[in-house]
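Below: one structure, written as structure tokens.
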Protein chains: 4
Amino acid sequence: MSKKITRRKSIIQAAIEVFSEKDLQSASISEIAQKAGIANGTIYQYFKNKEDLFFSIPIEKTNEFRDQVQLHLEGITGVFNKIRKFVWYFLYFFKTNPEYGRLLMLELRVNKGFVKTETYNFLKQSVRSVWDIIEEGQKEGVIRTDVDIYVLRHLVLGILEHMVSRWLLKDAKYDILEHHQQVSQILIDALRSRTPDR
Amino acid sequence: MSKKITRRKSIIQAAIEVFSEKDLQSASISEIAQKAGIANGTIYQYFKNKEDLFFSIPIEKTNEFRDQVQLHLEGITGVFNKIRKFVWYFLYFFKTNPEYGRLLMLELRVNKGFVKTETYNFLKQSVRSVWDIIEEGQKEGVIRTDVDIYVLRHLVLGILEHMVSRWLLKDAKYDILEHHQQVSQILIDALRSRTPDR
Amino acid sequence: MSKKITRRKSIIQAAIEVFSEKDLQSASISEIAQKAGIANGTIYQYFKNKEDLFFSIPIEKTNEFRDQVQLHLEGITGVFNKIRKFVWYFLYFFKTNPEYGRLLMLELRVNKGFVKTETYNFLKQSVRSVWDIIEEGQKEGVIRTDVDIYVLRHLVLGILEHMVSRWLLKDAKYDILEHHQQVSQILIDALRSRTPDR
Amino acid sequence: MSKKITRRKSIIQAAIEVFSEKDLQSASISEIAQKAGIANGTIYQYFKNKEDLFFSIPIEKTNEFRDQVQLHLEGITGVFNKIRKFVWYFLYFFKTNPEYGRLLMLELRVNKGFVKTETYNFLKQSVRSVWDIIEEGQKEGVIRTDVDIYVLRHLVLGILEHMVSRWLLKDAKYDILEHHQQVSQILIDALRSRTPDR
DNA sequence: AATGAATGAGAATTCATTCAT
DNA sequence: AATGAATGAATTCTCATTCAT
């Protein structure tokens with residue numbers, strides 16, 4: 001039983017490595033099988049087909065991301081401090097998982113089939129914390145309520161995903177964490193409740 | 001002479017239609033040729049190969065976008081008014097060119113090969129106006145200078161591209177222009193120079 | 001295990017039949033696959049590509065030729081008798097293997113890529129016996145040493161290959177063995193050490 | 001009129017250059033047209049199709065070869081001296097025309113279609129001088145008559161063509177004329193009438 | 001006569017998936 | 001469960017040849 005899970009994981013790990021370099025179509029099952037040290041056919045014992053394997057990859061990583069975000073937010077008080085932490089961890093996570101980042105940002109997030117997947121909804125939950133923080137801030141009165149929450153979310157995820165995507169496309173040559181404080185600051189300035197005089 | 005240009009354009013138009021539904025690999029030359037009403041081989045008189053055709057698509061559209069942006073900004077005074085106009089036009093352009101949007105946002109902008117392309121640099125020039133506006137605002141003292149301009153750019157393009165991408169992935173079912181004023185407002189609030197008391 | 005070898009052989013046999021009629025470019029993989037009774041793709045399990053298959057053909061046949069030459073020379077004494085036997089067997093081999101002959105003489109021996117091949121060196125070894133016989137004769141003093149051995153080899157292989165090539169181009173309509181004794185005789189006269197009075 | 005001939009010649013010259021590097025199939029009409037500085041379609045004003053052009057090449061060169069052989073044999077007395085001259089000129093001709101040599105020896109002489117061509121018969125006439133010399137020698141009694149004249153011809157052309165072919169396949173890296181005297185000598189020894197005591 | 005744009009047939013090769021062992 | 005040989009569909013691109021100008 002545990003053996004089965006181990007093997008499944010090893011296939012996924014091999015798939016991440018391969019898919020991070022090539023897209024869904026270019027990556028070959030043989031290459032993944034070879035990297036996992038198993039026969040081609042064996043993959044089909046664990047996954048329905050190539051797309052199924054492709055779409056299964058984010059589940060584990062998503063869990064890791066969500067759990068770590070929770071852990072890092074633990075004990076932090078103040079909505080804006082939480083936002084600073086989230087921004088930092090988001091960038092840090094992809095800095096330390098660039099292969100997965102490539103896969104998620106440049107392949108999956110843009111794949112129409114994936115968006116209709118169960119896994120996609122699961123993935124959305126992982127940034128649930130952004131919602132929670134924003135809502136918390138709105139209740140406390142420090143985050144603006146004059147702008148639709150969807151717009152606020154687009155703002156936060158927009159800048160973060162844009163930064164990560166461009167960074168990956170530039171072969172992760174510079175330090176993505178360099179400006180994390182400026183990013184936090186500008187987001188906070190955008191989200192902050194307007195004072196009456198404005 | 002003009003005939004050659006016409007034919008080239010008709011191939012590009014057919015390619016936009018096909019590539020907006022299928023990615024570079026899935027789309028077939030035959031399908032494009034058929035849609036353009038020409039023989040397969042003819043495409044190779046105008047483009048080196050499928051990738052070349054794929055990467056050539058944005059050139060025209062980019063020109064159109066850039067020219068229109070200039071036109072729409074004409075006569076507008078005030079940096080923030082210009083930003084409002086740019087936000088509106090950006091969303092409007094993709095609202096009226098969803099097929100090209102799909103191609104650009106979900107295929108090209110994420111394609112590693114494309115980023116190394118001449119066309120990509122050309123494309124970057126098309127959002128040059130954002131830089132110009134920001135710099136103008138900084139000179140006037142109304143846009144903050146305490147944050148790296150790259151971060152500001154990530155902010156503006158991040159939210160806009162994120163909105164367009166998600167909208168397209170949701171099959172353009174809702175009106176992307178709905179929140180354009182809120183988007184402008186929140187961006188302006190983020191970009192605005194901080195007053196001394198903050 | 002043996003199955004793999006059998007299949008490989010059956011592909012080669014089909015390839016000989018097809019390549020003897022058409023050259024490397026004109027012959028199609030489909031035709032070979034069909035003749036071998038397998039799927040197109042299967043050929044690529046055994047050979048890297050069409051050229052690889054093409055160049056692999058002579059290996060087996062070369063072994064057969066070399067072994068048979070050895071066998072036929074067995075027990076024959078006298079350098080000139082050996083030459084007579086070699087001449088006869090050379091012509092006899094291609095008389096009984098005209099398809100392979102066409103392939104070897106009219107395609108491979110004239111193919112620049114093949115000459116750079118490992119197989120080509122292997123093939124050269126198969127006529128090694130000519131060298132051995134000549135050297136043996138030179139040691140015994142019955143074969144001339146006043147002419148470079150390369151020239152002697154060009155003489156022997158030149159006439160034999162020329163005869164076989166022309167015979168095949170004439171659709172093997174006459175008996176190539178008809179003049180084998182005259183050929184041997186003239187070669188022996190050419191190779192024989194000159195007597196002092198000449 | 002003379003213009004037409006000039007253009008035809010320039011096409012043939014371009015074709016020789018192209019065909020000497022690539023075989024009939026690999027060489028392209030476009031390349032020839034480009035090298036000749038004309039449009040693709042123009043070639044079809046002068047030649048029925050690619051094969052026709054290919055097969056037309058030897059005519060001129062054959063004339064040149066035949067005329068030069070005659071010239072070089074002029075004034076030479078003695079059958080064996082004529083053979084020596086022929087051997088020398090044959091090797092010399094290809095030494096100075098390696099591109100044409102490649103085309104003739106490695107492509108045309110091995111092409112089944114060419115053998116059935118009018119040009120092929122024309123080409124055979126060009127080595128007619130070998131026949132003449134041999135027959136002259138037989139009449140004079142210095143060349144053996146105990147061996148079929150076809151065999152004698154295979155001997156002479158066999159060694160010469162073999163030498164040229166191998167030399168070309170080895171990229172003409174060594175001097176093909178180096179051993180011409182030895183070649184003449186061994187041929188003469190082979191052809192010479194046997195003295196009674198042998 | 002010359003052009004060269006358009007044609008469209010044609011073939012090698014890849015690779016996800018199956019299934020007998 | 002694992003294997004890996006076999007499958008065969010599917011597609012890009014080339015290029016000789018034509019023909020309207």
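Order of the sequence lines fixes the chain letters, A, B, ..., with proteins taken first and strands second; residue numbering starts at 1 for each chain. Nothing here was measured: the structure is a model prediction, and the numbers come from that model.
At whole-Å resolution of the value, CD in Gln45(B) and P in dT17(F) are 17 Å apart. The separation between Asn49(B) atom CG and dT12(F) atom P is 11 Å, rounded to whole Å. The separation between Leu53(D) atom CG and dC15(F) atom P is 16 Å, rounded to whole Å. With rounding to whole Å, Arg8(A) atom CZ is found 16 Å from dA1(F) atom C1'. Atom CZ of Phe47(D) is separated from atom C1' of dT18(F) by 18 Å (rounded to the nearest Å). Atom CZ in Phe54(D) sits about 14 Å away from atom P in dT17(F), given to the nearest Å. Rounded to whole angstrom, the span from the CD atom of Gln25(C) across to the C1' atom of dT14(F) amounts to 12 Å. Atom CD1 in Ile38(D) sits about 15 Å away from atom P in dT17(F), given to the nearest Å.
The CG atom of Leu168(C) sits 8.5 Å away from the CZ atom of Phe94(C) when rounded to the nearest 0.5 Å.
Nucleic acid contact class of Ala33(C) (heavy atoms, under 4.0 Å, all strands): none. Among the protein residues, Ile43(B) comes within range of no part of the nucleic acid, since none of its heavy atoms lies under 4.0 Å from any strand.
Using cut-offs of 30° and 60° for the angle between ring planes, the Phe55(D) and Phe114(D) rings count as tilted.
Under a 3.5 Å cut-off, the side chain of Asn97(A) and the backbone N or O of Tyr100(A) do not form any donor-acceptor pair. A donor-acceptor pair is defined here as one N or O able to donate and one able to accept, closer than 3.5 Å; such a pair exists between the side chain of Lys50(B) and the backbone of Ala27(B). Judged purely by atom type and a 3.5 angstrom limit, Ser28(C) uses its side chain to pair as donor or acceptor with the backbone of Glu31(C).
Proximity note for Lys50(B) (side chain, C-beta onward) versus dT12(F), dT3(F), dT17(E): the nearest is dT12(F). Listed candidates were dG8(E), dT13(E), dA16(F). Nearest to the side chain of Ser28(D) is dA16(F).
Taking 4.0 angstrom as the limit, Tyr46(A) places a side-chain polar atom (N or O) nearer than this to OP1 or OP2 of dA2(F). OP1 or OP2 of dT3(E) lies within a sub-4.0 Å distance of a side-chain N or O belonging to Thr42(D). A close approach under 4.0 Å does not occur between any side-chain nitrogen or oxygen of Arg7(A) and OP1 or OP2 of dA1(F).
Toward the 5' end of DNA chain E, the nearer of the two residues Tyr44(A) and Gly41(C), judged by each one's closest nucleotide, is Gly41(C). Along DNA chain E, the nucleotide nearest to Leu24(A) and the one nearest to Ser30(C) differ in position, and the one closer to the 5' end is contacted by Ser30(C).
Base pairing of dA20(E): its partner is dT3(F), meeting the Watson-Crick or G-U wobble criterion (both donor-acceptor distances under 3.5 Å).
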